[in-house]
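Read the structure below first, then the notes.
Because the structure is a prediction, the values reported are computed rather than measured.
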Amino acid sequence: MNKISISFLFILSLFMASCSNNDEPETYPIKFGKMDYTIRFATTTRIDFTDGGGKYELKASNPDVLGSFYIDGENHSLVVCPSSTGESTLTVTDVKMNTTVTLNFIVEDFYLSFRVFEIEGDNHNPYLSIGNEIRFIRDDENTRQMKVMWQNKMTYEIKCIAHGSFDNERCETNIFTLNMSLHSHRIEELETFSYTLGGDGEYLSLFESIFDYKWENSIASKSQPIKQINMILTH
C-alpha cells in the first residue's frame with residue numbers, strides 16, 4: 001500500500017470519528033420547571049426535571065423536614081417523602097455539569113383534597129365556586145382544619161381564599177353531615193354551613209381512618225376506590 005493510500009485512510013478515519021462525535025447528543029445542566037414547591041407531609045412527591053449529566057448530589061438545609069429524597073434518573077424525576085411539616089431548601093448539584101440548583105420547599109400538614117365540579121340550584125355559599133379545592137387538614141392535634149383553595153388558570157398558582165374548621169356527623173338514619181366554619185382573609189367573622197353528604201360512601205372510610213372518627217367498619221369498604229362526593233347545602 002503506497003503512502004498516498006495510507007494518508008487517505010488516515011484522513012478518512014479522522015473524518016468518520018469527527019462525524020461520530022457530532023452525532024452524540026449535547027448534555028445540558030439539570031433543569032426544573034420552577035424553584036418553589038408546596039408538598040404534603042408523609043406523601044411521596046415526584047418532581048420532573050429535564051436534561052442533566054446523570055450524576056447528582058443532594059443536600060437539604062432541613063433534612064428533618066424533607067425526610068428521604070433521591071433522583072430517579074430512569075424517569076427523570078426528583079422523589080421527596082417529607083417526614084415533618086416546615087420549610088427547607090434542597091440543593092441539587094449536577095456533578096458532571098458542575099452546576100447547582102436550589103429548590104425551596106414548604107411541607108404542609110397532610111390533607112384530603114376534593115374539587116368542586118358542579119353547583120346546582122341555590123346550593124351556594126360565598127366561598128365555594130366551581131374549580132375550587134377543599135382541603136381537610138390533619139395536624140398533630142387533629143384540630144380538623146380546612147382550607148378552600150383557588151387556582152389561577154394563567155399562572156397555575158394556588159392560593160387559600162378561605163379557611164376554618166370542619167366536623168362530620170353521623171345520625172341513626174345513616175345520613176352524614178359536614179359542618180364547616182369558614183372565613184376569608186377579607187372577612188374575619190366565621191360563617192357556618194352544613195352539607196349532607198351523598199355518594200357511595202367510600203370516602204367516609206378515609207375520614208374515619210385519618211381523622212379518628214371511630215365509625216363502624218360497615219360504613220364503607222376500604223378496598224373500594226374513592227368516588228365523587230355529592231354535597232347538598234341544607235342550611
Side-chain angles (χ1 to χ4, degrees), residues 34 36-43 45 65 82 84-88 104-199 201-215 219-220 226-235:
K34 59 181 183 177
D36 301 314
Y37 296 90
T38 298
I39 60 178
R40 292 193 292 178
F41 164 62
T43 301
T45 298
V65 169
S84 67
T85 60
E87 299 184 17
S88 178
N104 304 303
F105 286 91
I106 297 175
V107 181
E108 293 185 331
D109 288 311
F110 181 84
Y111 58 85
L112 295 176
S113 177
F114 302 94
R115 192 170 300 279
V116 180
F117 286 104
E118 182 181 4
I119 299 177
E120 296 182 350
D122 296 327
N123 186 25
H124 293 267
N125 73 41
Y127 307 100
L128 296 183
S129 300
I130 293 175
N132 285 166
E133 177 187 353
I134 307 173
R135 295 181 179 177
F136 301 95
I137 301 167
R138 182 193 70 191
D139 57 19
D140 291 339
E141 298 179 356
N142 197 19
T143 56
R144 296 173 185 169
Q145 303 172 42
M146 67 177 298
K147 291 182 180 179
V148 179
M149 313 298 291
W150 172 81
Q151 184 177 30
N152 187 315
K153 294 182 179 179
M154 299 295 293
T155 64
Y156 298 100
E157 183 180 8
I158 298 177
K159 293 184 177 181
C160 174
I161 60 174
H163 60 93
S165 60
F166 77 96
D167 206 352
N168 283 341
E169 295 178 0
R170 177 190 181 192
C171 70
E172 294 180 356
T173 57
N174 281 336
I175 295 176
F176 297 89
T177 304
L178 169 65
N179 299 309
M180 305 187 328
S181 298
L182 289 169
H183 64 83
S184 69
H185 297 292
R186 294 180 294 104
I187 304 173
E188 289 298 323
E189 293 80 7
L190 284 170
E191 294 190 62
T192 59
F193 307 92
S194 294
Y195 287 85
T196 56
L197 303 183
E202 287 86 349
Y203 69 94
L204 290 171
S205 64
L206 289 175
F207 281 103
E208 176 187 10
S209 59
I210 294 173
F211 297 103
D212 197 27
Y213 278 101
K214 294 184 171 61
W215 287 329
I219 289 178
I226 303 167
K227 297 186 178 180
Q228 180 174 322
I229 300 175
N230 295 318
M231 296 171 48
I232 302 174
L233 183 64
T234 53
H235 62 274

If you look at every heavy atom in S184 and Y127, which pair is closest and at what distance? N-CE2, 3.6 Å

Under 3.5 Å side-chain donor-acceptor pair for T143 and E141: no

Apply side chain to side chain contact (heavy atoms under 4.5 Å, CB included) to residues N142 and D212 and explain how you reach the verdict. CA-CA 8 Å; N142 197 19; D212 197 27; 4.1 Å; yes

To the nearest 0.5 Å, how far apart are CZ in R138 and CZ in F207? 13.0 Å

For S88, enumerate each residue passing the side-chain hydrogen bond (donor to acceptor under 3.5 Å, both in side chains) test, keeping only those at least two apart in sequence or located in another chain. S61

Please tabulate, for the side chains in residues 108-119, all donor-acceptor contacts under 3.5 angstrom to protein atoms that are two or more places apart in sequence or on a different chain.
residue	atom	partner	partner atom	Å
E108	OE1	R135	NH1	3.1
S113	OG	E133	OE2	2.4
R115	NH1	G131	O	2.9

Taking the ring centre of each residue, are F136 and F166 less than 6.0 Å apart? yes

Is a side-chain donor or acceptor of N132 paired with a backbone partner of S129 at a separation under 3.5 angstrom? yes

Check step by step if side-chain hydrogen bond (donor to acceptor under 3.5 Å, both in side chains) holds for N179 and D167. CA-CA 5 Å; N179 299 309; D167 206 352; over 6 Å; no

Distance from R144 atom CZ to S165 atom OG, nearest 0.5 Å? 10.5 Å

Euclidean distance, Q151 CD relative to I158 CD1, rounded to 0.5 Å: 4.5 Å

A side-chain contact here means heavy atoms from C-beta on lying under 4.5 Å apart; do H163 and Q145 qualify? no

Mind running side chain to side chain contact (heavy atoms under 4.5 Å, CB included) on K159 and N152 for me, showing each step along the way? CA-CA 8 Å; K159 293 184 177 181; N152 187 315; over 6 Å; no

With side chains defined as the heavy atoms from C-beta onward, is the minimum distance between E191 and H183 less than 4.5 Å? no

List the atom of V65, the atom of T85, and the distance in Å for their closest heavy-atom pair. CG2-O, 3.7 Å

Are Y195 and N125 linked by a side-chain donor-acceptor pair shorter than 3.5 Å? yes

Residues V148, L128; criterion side chain to side chain contact (heavy atoms under 4.5 Å, CB included); working and verdict: CA-CA 7 Å; V148 179; L128 296 183; 3.8 Å; yes

If the condition is side-chain hydrogen bond (donor to acceptor under 3.5 Å, both in side chains), which residues does Y37 pass it with, not counting sequence neighbours? none

Exceeds 12 heavy-atom contacts within 6.0 angstrom, atom CG of D140: no

Nearest 0.5 Å please: distance from the OG atom of S194 over to the CG atom of L178. 8.0 Å

